[in-house]
A.B. asks: 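Structure in C-alpha cells, see below.
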Amino acid sequence: MTAPVAGRAEPHHAPKESPLSPEDYAAAAGARLDRSVWDYIAGGSGDEVTLREDRAAYDRYRLRPRALVDVSQMELGTTLLGRPVSVPIGIAPMAYHRLVHADGEIATVRAAGAVGALTITSTFASKTLEETARAATGPLWLQLYVMRRREVTESLVRRAEAAGYRALVITVDTPRMARRERDLRNGFSLPPYVRPANLDTGQRAGLHEGRSGSSTLADHAALHHDAAFTWEDLAWLRSLTGLPLVLKGVLTAQDARRAADLGVAGLIVSTHGGRQLDGVIPALEALPEVVAAVPPECEVLVDGGIRRGTDVLKALALGARAVLVGRPVLWGLAVDGADGVERVLDTLRAELEEAMALSGRPRLDTITRDLLHPSADLPFHLPSNDKEMA
C-alpha cells in the first residue's frame, strides 16, 4: 500500500499552469492540503492583527530609484556570521515540514543549498538534525526552544555541534504558545506520519491525540517549554558551546542592547509570523529601532510578511543583513517538493536583483536608507535607559 502523502487532501487536481507568484503558490498549496494543516500554516494568534500587519508594513514604504547608474554587473552575495551566502535571503525556522511533503526538511535544505541560501532548521523538525545536515550544501543554523528538562536542550546543542551547524538560534518570544483559534477550532494534532524527530519518546507524548477546542501543540509547549528562562540563563547556554548565539523574536531597542552587551552574535527581528502576541509592532517597523541599538558586529536579520523581491530590498534599506522567508517556502514545498522551494527562493532572488537594478543599486552595500521615501519613515523613540520601560 502506498504511504499517505504528508498533509495532502484527496482528490487533488494539479494546477493547469506553473505558479509564478507567491499567491499562485499559496493557492496551489491550499488546494492540496487538508484544511487543518493549511490553517496551522496560514493562521496567527488572536484576531490575527499582527499576521496582517507584518505583510501590510512592506506596502507602506515607497522606493526612490536613482537613474543612470551602471547596473550591468549585479552583486547579491554577502556573509552571515562570517560565512558566505549567495543571496541575503534565507529560510526561517518552521516546524514539521513533513506536514506538507513527505521529504520534509530534507527537500527544503537541498533547495536552499541549490541557491546558496541559509537554512535555519527547527527544534521541532520532522527530520532529525543529523539527516538535515547530511543533505545540506549551504549554511545551516539550528533553532532552539529551551526546554524545562535542560538535559534535552544540552543534548540538542551537542548534536548540532557534532553535525556541523554553524550557529544556534534561540527563540525568545515563546515562553508559552499563544492562543491560535484556527488550531483550537480544528482540534489540531499531528498526523501519525509526522513527529518531532529530534525529541525522544518521552518528549513526544500527546502530540497525536487531538480534540475539538484544543491544540496538542499548545498543550505540548505548556508542558515542555521553559517559561522561567531569562537573560541570566544565556550564560548557561554559552557555557555549553562555542557556536555563535542568535536571539529570535527581539522587537525593542532595550532587548537588542542587552543582547549585544551579552555578546550575542545576531538578532532576528520577528513576530513569530504573527503567531505569538497579537497586536505587537510589525517586524519591519521594529527593524530600524533594533538596528540602531546594536553595534555593526551584531548582525540583524528580519522575518515575517516577505513575499516579493521589493520586500527584501526595503528590509535591506532599513538595515537588515538578510531576510528570512517562512510560509512561501512551505507553499513551494507543498506544491513541488525541493523543486518548488528552489523556485520560490530563486524567484525572490531574481526579483531582488531586478529591483536593485531598477533602483540603481548594483551591490548590497549601495542599498541605504535614502532608497526609501521619507514620508514612509515611521518615528520611533529610543529610551535612554531601561527605566523608561516602566
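Positions are given from 1 along the sequence.
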A.B. asks: My understanding is that only residues two or more places apart in sequence, or in another chain, count here; which of them pass side-chain contact (heavy atoms from CB on, under 4.5 Å) with Glu354?
C.D. replies: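 So Glu354 forms a side-chain contact (heavy atoms from CB on, under 4.5 Å) with Leu358.
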
A.B. asks: A side-chain contact here means heavy atoms from C-beta on lying under 4.5 Å apart; do Pro244 and Glu299 qualify?
C.D. replies: no

A.B. asks: Evaluate whether atom CZ of Arg83 has more than 12 neighbouring non-hydrogen atoms of other residues, nucleotides or ligands under 6.0 angstrom away.
C.D. replies: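 No - once you tally the heavy atoms of other residues, nucleotides and ligands closer than 6.0 Å, there are 12 at most.
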
A.B. asks: Would Leu330 and Leu333 count as a side chain to side chain contact (heavy atoms under 4.5 Å, CB included) if you check the C-alpha gap in whole Å, the side-chain angles of each, and the deciding distance to 0.1 Å?
C.D. replies: CA-CA 5 Å; Leu330 293 182; Leu333 183 64; 4.3 Å; yes

A.B. asks: Please name all residues satisfying salt bridge (charged side-chain N to carboxylate O under 4.0 Å, His left out) with Arg134, sequence neighbours left out, ordered by chain then number.
C.D. replies: none

A.B. asks: Taking only residues two or more places apart in sequence or in another chain, which ones pass side-chain contact (heavy atoms from CB on, under 4.5 Å) with Val49?
C.D. replies: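 Listed in chain order: Asp47, Arg52, Glu53, Asp278.
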
A.B. asks: Is it true that the side chains of Ser126 and Glu105 contain a donor and an acceptor less than 3.5 Å apart?
C.D. replies: yes

A.B. asks: Check each of Val146, Leu247, Ile268 against Val172 using the side chain to side chain contact (heavy atoms under 4.5 Å, CB included) test, and report the only one that passes.
C.D. replies: Leu247

A.B. asks: Measure the CG-OG1 distance between Asp226 and Thr153 for me, rounded to the nearest 0.5 Å.
C.D. replies: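 Answer for the CG-OG1 pair, Asp226 versus Thr153, is 7.5 Å.
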
A.B. asks: Look at the rings of Tyr145 and Phe124 and say which category their plane angle falls in: under 30° parallel, 30 to 60° tilted, over 60° perpendicular.
C.D. replies: tilted

A.B. asks: For Ala114, which residues count as a side-chain contact (heavy atoms from CB on, under 4.5 Å) partner, sequence neighbours excluded?
C.D. replies: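 Once residues adjacent in sequence are excluded, the partners of Ala114 under the side-chain contact (heavy atoms from CB on, under 4.5 Å) criterion are Glu342.
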
A.B. asks: Suppose clustering is done on Ile, Leu, Val, Met, Phe, Trp and Tyr with side-chain heavy atoms closer than 4.5 Å. Which residues sit in the same group as Ile106?
C.D. replies: none

A.B. asks: Sequence neighbours left out, what pairs pass side chain to side chain donor-acceptor pair (under 3.5 Å) with at least one residue falling in residues 166-178?
C.D. replies: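 Sorted result for residues 166-178: Gln143-Thr171, Asp173-His272, Thr174-His272.
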
A.B. asks: Would you check if there is a donor-acceptor pair between the side chains of Glu161 and Thr241 at a distance under 3.5 Å?
C.D. replies: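 A pair is found: one side chain offers a donor N or O, the other an acceptor, under 3.5 Å apart.
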
A.B. asks: Partners of Arg361 by salt bridge (charged side-chain N to carboxylate O under 4.0 Å, His left out), sequence neighbours excluded?
C.D. replies: Asp370

A.B. asks: What pairs with Phe229 under ring-ring contact (aromatic ring centres under 6.0 Å, His included), at least two apart in sequence or on another chain?
C.D. replies: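 With neighbours one apart ignored, the set is empty.
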
A.B. asks: Using salt bridge (charged side-chain N to carboxylate O under 4.0 Å, His left out) as the criterion, list what pairs up with Asp39, not counting sequence neighbours.
C.D. replies: Arg35, Arg182

A.B. asks: What I'd like to find out is whether the side chain of Leu63 reaches to under 4.5 Å of the side chain of Leu313, using heavy atoms alone.
C.D. replies: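 They are in side-chain contact.
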
A.B. asks: Looking at Gln73, I want to see if its CD is surrounded by more than 12 non-hydrogen atoms of other residues, nucleotides or ligands under 6.0 Å.
C.D. replies: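 No, the 6.0 Å shell around CD holds no more than 12 heavy atoms from other groups.
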
A.B. asks: Without hydrogens or angle criteria, can the side chains of Tyr58 and Arg307 be said to hold a donor-acceptor pair below 3.5 Å?
C.D. replies: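 The answer is no; no qualifying pair exists.
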
A.B. asks: Could you tabulate the donor-acceptor pairs under 3.5 Å formed by side-chain atoms of residues 318-327, not counting sequence neighbours?
C.D. replies:
from	atom 1	to	atom 2	distance (Å)
Arg321	NE	Thr79	O	2.9
Arg321	NH2	Thr79	O	3.2
Arg321	NH2	Thr79	OG1	2.8
Arg327	NE	Ile41	O	2.7
Arg327	NH1	Gly273	O	3.3
Arg327	NH2	Gly43	O	3.0
Arg327	NH2	Gly273	O	2.9

A.B. asks: How would you list, by chain and number, every residue that makes a side-chain contact (heavy atoms from CB on, under 4.5 Å) with Glu232, sequence neighbours excluded?
C.D. replies: Thr230, Arg258

A.B. asks: Can any side-chain N or O of Thr119 pair as donor or acceptor with the backbone N or O of Ala112 at less than 3.5 Å?
C.D. replies: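 A pair under 3.5 Å: no.
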
A.B. asks: Of all residues at least two apart in sequence or in a different chain, which pass the salt bridge (charged side-chain N to carboxylate O under 4.0 Å, His left out) check with Asp311?
C.D. replies: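 Partners of Asp311 by the salt bridge (charged side-chain N to carboxylate O under 4.0 Å, His left out) criterion, ordered by chain and then number, come out as Arg55.
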
